[in-house]
**Student:** 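Here you go, one structure.
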Amino acid sequence: MKISYLYIVLMVGVGILFSSCSDFLDREPITVPSNEKFLSGETQVRSYINGLYTALPSLGKFGMGVRGEEKNSDNILSEIYDKRLNGEGTLFSSNEAWETGYKNLRNVNYFFHYYQVPAALETDEVKSLKGEAYFLRAYWHFVQLKKFGNIPIMDGFWDEQATIAGLQIPQKDRGEVAKFILSDLDTAQGLLFKRNKYSGLRICKEAAMLLAMQVALYEGSWEKYHKNDAFAAATDQSDYFFGEVIRWGDLLFQQGIELNTKETDKSVVSPGDAYGHLFNQKDYSNTPEVLFWKKYSVAEGVFHLLPSLLGGGVVDQDGPAGVSGDLVNTYLNADGTPIDPKDDQFKNFNRTFENRDLRLTETIMSTGYKFKSTAKGSRPMNVQDASTGAENIVSPFLVSDGNAKNVTGYHIRLGVDTTYVSGDCETGLVIMRYADALLCYAEAAAELKKCDDKVLEKTLIPLRKRANVEFVTPVLDPNFTDYGYTLTPLMQEIRRERRVELALQGYRLDDLMRWAGAKVIVGKRGRGAYLGEDGILYKSFDQKQQEALATVLVDGDGWMDPLQELLPGGYQFNPSRDYLLPIPPSELKLNRQMKQNPGWE
């Protein structure tokens with residue numbers, strides 16, 4: 001039986017005992033006699049690199065994974081709210097994040113340290129595997145950069161320096177770190193096979209190009225929007241990094257990748273399927289937009305239960321939650337105009353979804369869509385007046401118990417497997433896709449004041465066309481999310497497009513941090529759907545259920561306000577501290593060359 005490369009878990013001896021740098025002095029030295037020859041052939045190299053894949057994002061067997069991650073932003077409201085958003089972090093909150101990141105970097109550098117394949121045996125396959133290692137070193141440095149800012153660059157196997165003196169390694173300015181990452185990705189893309197070699201199941205050339213665009217955009221926008229605060233880089237090189245986004249994007253555009261559309265996806269039936277199929281399929285081998293993905297197989301013991309959770313209405317596995325009304329309000333009308341969320345028509349739950357961007361109904365459960373397609377007893381959600389005696393009414397799970405309880409009226413539809421019945425699931429996980437590159441390119445071009453019609457025609461317009469949204473000349477939207485500074489109409493639309501195209505995929509917190517978006521968080525707590533007694537959502541519950549609805553928290557105007565008691569003053573994110581995580585005190589004690597991040601001193 002053929003096993004996907006992402007299934008393979010490497011088992012090696014004490015030469016790969018994982019540990020953080022703070023454990024160096026307590027660890028036994030590496031004494032495996034065959035270390036010098038261990039990575040001397042393609043079989044060994046492939047096995048080792050396969051083992052490094054296991055640290056990459058995945059869908060856990062019993063959790064929501066990335067689909068519920070965005071409770072760390074304004075996209076999901078959860079009663080078990082994110083402590084960082086509320087300024088409740090401590091000096092020890094980031095111990096695990098620091099250790100995990102450097103553990104993964106150590107494992108990659110172990111590969112480079114012991115790589116001994118003779119030049120005569122360095123086939124294209126071996127070189128591509130080596131390119132995967134460069135990609136992974138870049139990836140984990142990027143993870144650390146986003147969380148901690150200035151960090152030590154781990155460009156070697158630090159076990160050779162495992163003394164107190166040897167570990168006095170200073171942090172590099174974040175701009176230097178970003179350039180190191182881009183250098184590793186440049187090396188990687190020169191070695192890697194293209195996507196079609198392994199159908200996106202392995203790290204590929206195009207994925208390296210996209211990661212480079214993500215890194216350059218992140219650093220460029222961070223340096224621009226934080227240049228006047230305590231988190232500024234030593235030098236504002238934002239234009240340089242925005243230029244790198246364009247350079248890498250131009251390289252990627254030459255690879256001939258296409259979006260998944262009704263023309264390229266022969267399984268499309270409903271208009272929204274071209275987007276929805278990016279999240280509910282088992283196999284993305286023939287979906288070129290998906291540059292890198294993880295395959296699941298019950299037969300191989302690699303599966304998850306995300307559709308079961310989605311089918312039960314779960315948004316956050318830790319407790320009651322719901323998608324935020326602010327995210328719902330961000331989606332455009334089909335004619336390309338923004339909505340006015342204060343308009344009385346949106347008190348009608350069903351009208352909220354009418355004639356809107358198709359991605360809205362692919363992302364949020366609405367009337368007519370099933371939580372499970374063929375599961376016993378499953379029926380479409382059908383919000384209508386229960387007093388009419390209509391049968392098979394299934395309203396949002398506002399009166400459920402535990403983590404199945406929805407606190408906003410908005411359930412997640414994104415990723416519901418339309419062939420799912422029950423049991424373990426094999427829906428694949430998309431890790432990187434081409435649409436992200438289009439968004440990166442448009443944003444960088446706009447920052448450089450170079451986002452002309454030609455740029456829009458190859459970036460935002462194709463995304464809008466897939467979503468059946470007309471592209472119109474941007475005009476200022478007075479109801480657009482307030483970031484605390486003025487945005488041009490074009491930049492509003494670029495940020496809008498990014499939020500909706502990448503919704504519930506783990507991007508939103510990073511975007512808020514790099515845009516210095518504290519204004520979006522501080523003093524805010526979000527709202528849900530309208531639950532006034534005159535509204536159809538309230539009327540869709542029978543009399544007994546309506547009695548239970550008395551416990552649902554709403555504001556003075558009847559909109560669901562689930563966090564009003566938990567966060568009466570809104571989130572208390574600290575913009576002088578919380579843009580970066582603290583460096584663990586144990587690391588500062590070990591490495592005296594490092595300095596604590598602003599606000600955590």
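Sequence positions, counted from 1, serve as the residue numbers for this chain.
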**Student:** Are Asp250 and Tyr441 close enough that a side-chain donor and a side-chain acceptor fall under 3.5 Å?
**Tutor:**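 Indeed, the side chains of Asp250 and Tyr441 share at least one donor-acceptor pair under 3.5 Å.
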**Student:** Gln317 and Arg67: side-chain donor and acceptor closer than 3.5 Å?
**Tutor:** no
**Student:** Using ring centroids (six-membered ring only for Trp), state whether Tyr110 and Phe157 fall under 6.0 Å.
**Tutor:**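 Yes, the ring centres sit under 6.0 Å apart.
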**Student:** Do the side-chain N and O atoms of Glu289 and Thr287 include a donor-acceptor pair separated by under 3.5 angstrom?
**Tutor:**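 Absent: no donor and acceptor within the cut-off.
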**Student:** Do the side chains of Asp511 and Arg514 get close enough for a salt bridge, i.e. N-O under 4.0 angstrom?
**Tutor:** yes
**Student:** Just by modelled atom types, is the Gly200 backbone N or O under 3.5 Å from a matching donor or acceptor in the Tyr284 side chain?
**Tutor:**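 Here the side-chain-to-backbone pair does not exist.
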**Student:** Determine yes or no for a side-chain-to-main-chain donor-acceptor pair under 3.5 angstrom, with Trp515 supplying the side chain and Arg495 the backbone.
**Tutor:**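 Not confirmed, Trp515 side chain does not pair with Arg495 backbone.
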**Student:** Would you find more than 12 non-hydrogen atoms of other residues, nucleotides or ligands less than 6.0 Å from Glu263 atom CD?
**Tutor:** yes
**Student:** Is it the case that the ring center of Tyr218 lies less than 6.0 angstrom away from the ring center of Phe142?
**Tutor:**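 Between Phe142 and Tyr218, the centre distance is under 6.0 Å.
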**Student:** Please determine, by modelled atom types, if Thr261 and Arg466 share a side-chain donor-acceptor pair under 3.5 angstrom.
**Tutor:**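 No.
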**Student:** Run Lys179 and Glu219 through salt bridge (charged side-chain N to carboxylate O under 4.0 Å, His left out) and show every step you take.
**Tutor:** CA-CA 9 Å; Lys179 288 181 178 180; Glu219 187 56 27; over 6 Å; no
**Student:** Per the side chain to side chain contact (heavy atoms under 4.5 Å, CB included) rule, which among Val45, Leu129, Leu39, Thr123 passes with Val117?
**Tutor:**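 Testing each of Val45, Leu129, Leu39, Thr123 against Val117, the sole residue satisfying side chain to side chain contact (heavy atoms under 4.5 Å, CB included) is Val45.
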**Student:** Where is the tightest heavy-atom contact between Ala133 and Val108, given as atom of each residue plus distance?
**Tutor:** O-CG1, 3.4 Å
